[in-house]
There are 2 protein chains.
Amino acid sequence: MNDERNWKIPEVAVSVDVAILTVRSGALHILLVWRAIEPFAGMRALPGGFLSSVEEDIDVSARRELAEETGLDADRFHLEQLRTYGAPRRDPRMRVVTVCYLALVPNLPDPVAGGDASAASWVPVAEVLEGRLPLAFDHHGIVLDAVERARSKIEYTTLATAFCDEEFTVAELREVYEIVWGEIIDPRNFHRKVTGAKDFLVPTGRKTTRNGGRPAELYRRGTATLLHPAFLRGHQA
Amino acid sequence: MNDERNWKIPEVAVSVDVAILTVRSGALHILLVWRAIEPFAGMRALPGGFLSSVEEDIDVSARRELAEETGLDADRFHLEQLRTYGAPRRDPRMRVVTVCYLALVPNLPDPVAGGDASAASWVPVAEVLEGRLPLAFDHHGIVLDAVERARSKIEYTTLATAFCDEEFTVAELREVYEIVWGEIIDPRNFHRKVTGAKDFLVPTGRKTTRNGGRPAELYRRGTATLLHPAFLRGHQA
DNA sequence: GTATCTTCTCGTCAAGATGACGATTAATGG
DNA sequence: CCATTAATCGTCATCTTGACGAGAAGATAC
């Protein structure tokens, strides 16, 4: 209720942060930057920044941030809005409302050099989740939300393939699920499930032995985006 | 990349809008206000407004908006963040980033008189979805998102009860599903499913005949928030 | 070359969930 | 008292799941 006489529309700073998740070295990782300046200088934080201009679209801003940090053509990567965080004192300098995004990317060639002044590196999310690595601002809570979103999203969508390369085996996809969920999955039931799901996987006809053992069929993503029926993790009781 | 010399952090207006959904008269309804002022004066829009001050928390702002519009103690109602909309020209006056929330409320006593200058009223969402009722700004798309969120959310959570009164029958809950999904559901299978789901419904021991026929057991919400297993609508193929 | 190890893939079986639908129960209105 | 209505219970075939056996097809060791 803006009934005061000389009330003016409050203007605040809007930033965009991106939680970029990947699977590498057998663990879920997140891309974090080192903060070069105050506040929280020297601490790690999510990559992000203020809108570059008052004209910039927030989705464009997020995509730009993702491209800068991965150093790659970010159009191929999955990017979705996660949530907006706007508690009054989350930034000590001024009121900042931050729109956060979640990106799921495959194991990229190398830990990329930060496009920004400060360096970026992949960090196992366990470091953050278990509180061993404090983050700037309210980024700790954001990472929690991001990981939980990723965990639940691969239950009912085909997004787990976003963590895989172009071509992958059923076992590699299963490893993604195991790592993201932190659960072991029966290889035979998993194989039956994913190969049975319509339009989830497209066989290439080629095989690979890169994981040892009997040669495995190589697949690429199908056109399906939703999994029917869903693939539920061990009950969240 | 803010490498310009005299670059300043852009500040923009932040607003909070709320899509308040309810089930009444056999249809899903949304609370809309009439805009009294330009832009879009005379058109209908989602209730909402700018942050009341540069200090106000966005969640608090949404809760306040909900309370004003429903005229009731809004603490009992389900309120969750939906998404943030920040396209550059979504408001012709200036750059406005709006954080939208979704509220699910029971059939309230009466179409409430708007707390604000303009009047509020319940409108069948079909009017909006089918394009018969144009809305201000990008609110049409927001309503689409809100309805889809509600539809999918009652699949795997117990939130359908948020549309019911304190005490309700299985048939009343089934009607909620039927109306929100726009599908008819077998009463016998539905009954088996919801009464079998652990901690979903708590029997009160009392019965009612308000829907005619054989007296139905009255239930209230249980403590469960997630439905296991989920209750899926007819395949979204 | 053969044994062994590894991993992939196919199969089986019991338990649980689902969808279709018959039948009974307990109210109400003539 | 009978027809109507809606709530509840039960049955059955089908599908999905989880647990696990077993064979297939490669690499490696000897």
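Every chain is numbered from 1, with letters handed out A, B, ... down the list of sequences. These numbers were taken from a predicted model, which means no experiment stands behind them.
Between the CG atom of A:Asn189 and the C1' atom of C:dG11 there is a distance of 11 Å, rounded to whole Å. Atom CD of A:Glu175 and atom C1' of C:dC8 are 15 Å apart (whole Å). For the pair A:Phe168 CZ and C:dC8 C1', the interatomic distance rounds to 16 Å; values are reported in whole Å. Following rounding to the nearest Å, A:Leu218 (CG) and C:dC8 (P) show an atom-to-atom distance of 11 Å.
Judged by distance alone, with hydrogens and angles left aside, B:Arg188 brings a side-chain donor or acceptor within reach of the base of C:dG22, the pair sitting under 3.5 Å. For B:Asn211 against D:dA7, a side-chain-to-base donor-acceptor contact under 3.5 Å is absent.
A residue-by-residue look at A:Phe231 and B:Gly213 shows that B:Gly213 has its nearest nucleotide of DNA chain D further toward the 5' end. Of the two residues near DNA chain C, A:Val170 and B:Lys193, the one whose nearest nucleotide lies more 5' is A:Val170.
When distances are taken from the side chain of B:Arg214 to each of C:dC8, D:dG26, D:dT8, the shortest belongs to D:dT8. Taking every side-chain heavy atom of A:Pro229 into account, D:dT16 is the closest of D:dT11, D:dT16, D:dG26. Out of D:dT8, C:dC8, D:dT17, the shortest distance to the side chain of A:Arg192 is found at D:dT17. With D:dG26, C:dA26, D:dC20 as the choices, the nucleotide that has an atom nearest any side-chain atom of A:Pro215 turns out to be D:dG26.
Phosphate contact (OP1/OP2 of C:dA27, side-chain N/O of B:Arg210, threshold under 4.0 Å): absent. Distances shown here put a side-chain N or O of B:His191 below 4.0 Å from the OP1 or OP2 atom of D:dT8.
Between the side chains of B:Asp145 and B:Tyr85, at least one donor-acceptor pair of N or O atoms lies under 3.5 Å.
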